Protein chains: 2
Amino acid sequence: MALKMRKSRVARPPMCALTQCMALLRGAWAPNVIWHLRDGARRFGELRVDIPLVSAKVLSARLRELEDRGLLERRLLATSPPSAEYSLTDLGRELIPAIDAVVKVGLKLRGMDAELPTLRPRWNAVHRTARRAG
Amino acid sequence: MALKMRKSRVARPPMCALTQCMALLRGAWAPNVIWHLRDGARRFGELRVDIPLVSAKVLSARLRELEDRGLLERRLLATSPPSAEYSLTDLGRELIPAIDAVVKVGLKLRGMDAELPTLRPRWNAVHRTARRAG
DNA sequence: CTGTATCCTCTTGGATACTG
DNA sequence: CAGTATCCAAGAGGATACAG
């Protein structure tokens with residue numbers, strides 16, 4: 001064999017931790033939800049305004065998922081029009097630094113040159129439903 | 001209205017930067033690929049060993065995607081069994097801190113209590129193909 | 001060794017309509 | 001307001017076979 005194999009350069013803990021932690025942030029919206037809860041509780045409708053392109057169904061699904069994983073808590077409010085508040089748990093707050101790092105990189109990339117090369121899986125072509133008569 | 005709306009708490013730049021940057025890391029394997037290239041070039045087969053559960057097709061697709069986005073470079077080697085090396089571009093290297101933060105959080109979560117609650121979309125139940133007669 | 005092609009499944013996400 | 005239900009589309013990913 002012409003090349004000698006350079007193998008097992010990483011002891012594997014980082015890989016698993018990365019995959020597992022990324023699994024917590026799966027999907028297009030989970031990080032955004034956590035991000036918008038970083039300063040305190042928000043209500044369902046508020047999150048829909050914070051994250052304009054997300055549909056009610058997906059936001060609902062993400063919130064439930066993140067709740068199941070113990071990253072956030074749901075609190076029913078006994079108001080006249082019934083409302084709900086979502087807030088991060090301590091576990092959920094642990095993810096803030098990671099998301100923050102991603103945000104920083106994202107900002108830096110646009111700042112430097114960074115085309116962020118036409119990456120709009122389709123989150124640009126939608127825009128119709130989410131912006132409710134705004 | 002009983003509650004006053006607390007809206008536009010975020011000026012929106014972070015949200016877009018988050019989404020855009022997360023789009024660069026889409027999928028289960030893109031972050032792992034970048035992570036395993038952080039110390040230098042790796043060949044296709046080496047990456048398959050580094051990231052044991054990834055299939056050839058997906059690894060190929062991710063590599064091409066990341067190449068298209070300018071995050072890594074592919075270099076054909078004129079060896080007797082033809083081989084290829086992948087290495088991060090400067091742009092790709094920009095993402096290291098973000099991934100690093102995710103890894104750190106992942107490690108901390110397992111360290112503290114963190115069940116990382118049975119989150120194995122299916123990356124645990126596979127294991128058959130990727131481990132080639134290991 | 002380095003991929004690609006096909007086929008198939010599961011997940012994510014959107015649109016719309018509907019309930020409490 | 002806060003969701004849920006249904007239907008549908010696109011993407012991610014795996015298995016297998018095959019090509020350069």
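These numbers were taken from a predicted model, which means no experiment stands behind them. In the text below, chain A, chain B and the rest are named by the order of the sequence lines, each starting its count at 1.
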Inter-residue atom distance I51(B).CD1 - N32(B).CG, 0.5 Å rounding: 5.0 Å

Quick one: CG on L47(B) to OG on S60(B), what's the gap to the nearest 0.5 Å? 11.5 Å

Rounding to 10 degrees, work out the angle separating the end axes of the helix from dC1(C)-dG20(D) to dG20(C)-dC1(D) (five pairs an end). 40°

So does W29(B) get a side-chain nitrogen or oxygen closer than 4.0 Å to the phosphate oxygens (OP1/OP2) of dG14(D)? yes

Rounded to whole Å, how long is the line connecting atom CE of M22(A) with atom P of dT12(C)? 13 Å

Are R26(B) and dG11(D) close enough that a side-chain N or O sits under 4.0 Å from OP1 or OP2? no

Nearest-Å distance, CZ (R74(A)) to P (dA2(D))? 10 Å

Spell out, as yes or no, whether a donor-acceptor pair under 3.5 Å connects the side chain of E65(A) to the backbone of R62(A). no

Please state whether the phosphate of dT4(D), meaning OP1 or OP2, lies under 4.0 angstrom from any side-chain nitrogen or oxygen of S60(A). yes

Of A61(A) and E65(B), whose closest DNA chain D nucleotide lies nearer the 5' terminus? A61(A)

Tell me which nucleotide among dT12(C), dG13(C), dT2(C) gets nearest to the side chain of V58(A). dG13(C)

N/O-N/O pairs, protein side and nucleotides 17-20 of chain C side, under 3.5 Å:
none

Against the side chain of R62(B), the closest entry in dT12(C), dA12(D), dT6(C) is dA12(D)

Side chain of A28(B), heavy atoms from C-beta onward: which of dG13(D), dA2(D), dT4(D) has the nearest atom to it? dG13(D)

In whole angstrom, give the distance that lies between atom CG of L77(B) and atom P of dG3(C). 10 Å

Can you list the steps and then say if V33(A) with V54(A) is a side chain to side chain contact (heavy atoms under 4.5 Å, CB included)? CA-CA 10 Å; V33(A) 170; V54(A) 73; over 6 Å; no

Please answer whether the main-chain N or O of R64(B) pairs with a side-chain N or O of E67(B) as donor and acceptor at a distance below 3.5 Å. no

Sidechain N-carboxylate O distance under 4.0 Å for K104(A), D100(A): yes

Take atom CZ of R64(B) and atom P of dG13(D), then tell me their distance rounded to the nearest Å. 16 Å

CG of L95(A) to CZ of R69(A), rounded to nearest 0.5 Å, is 10.5 Å

Rounded to whole Å, NZ of K57(B) lies from C1' of dT2(C) at a distance of 17 Å

F44(A) atom CZ is separated from dG3(D) atom C1', nearest whole Å, by 6 Å

What donor-acceptor contacts under 3.5 angstrom involve side-chain atoms of residues 70-78 of chain A, with partners at least two apart or in another chain?
residue	atom	partner	partner atom	Å
R74(A)	NE	Y86(A)	OH	3.3
R75(A)	NH2	E85(A)	OE1	2.8

Starting the side chain at C-beta, find the nucleotide from dG14(D), dT6(D), dT2(C) nearest to S55(B). dG14(D)

How many Å lie between CZ on R48(B) and P on dG13(D), as a whole number? 14 Å

Donor-acceptor contact below 3.5 Å, side chain R42(A) vs main chain S87(A): no

Provide, to the nearest angstrom, the distance between the CG atom belonging to L53(B) and the C1' atom belonging to dA12(D). 15 Å

Mark yes or no for whether R38(A), through its side chain, and W35(A), through its backbone, hold a donor-acceptor pair below 3.5 Å. yes

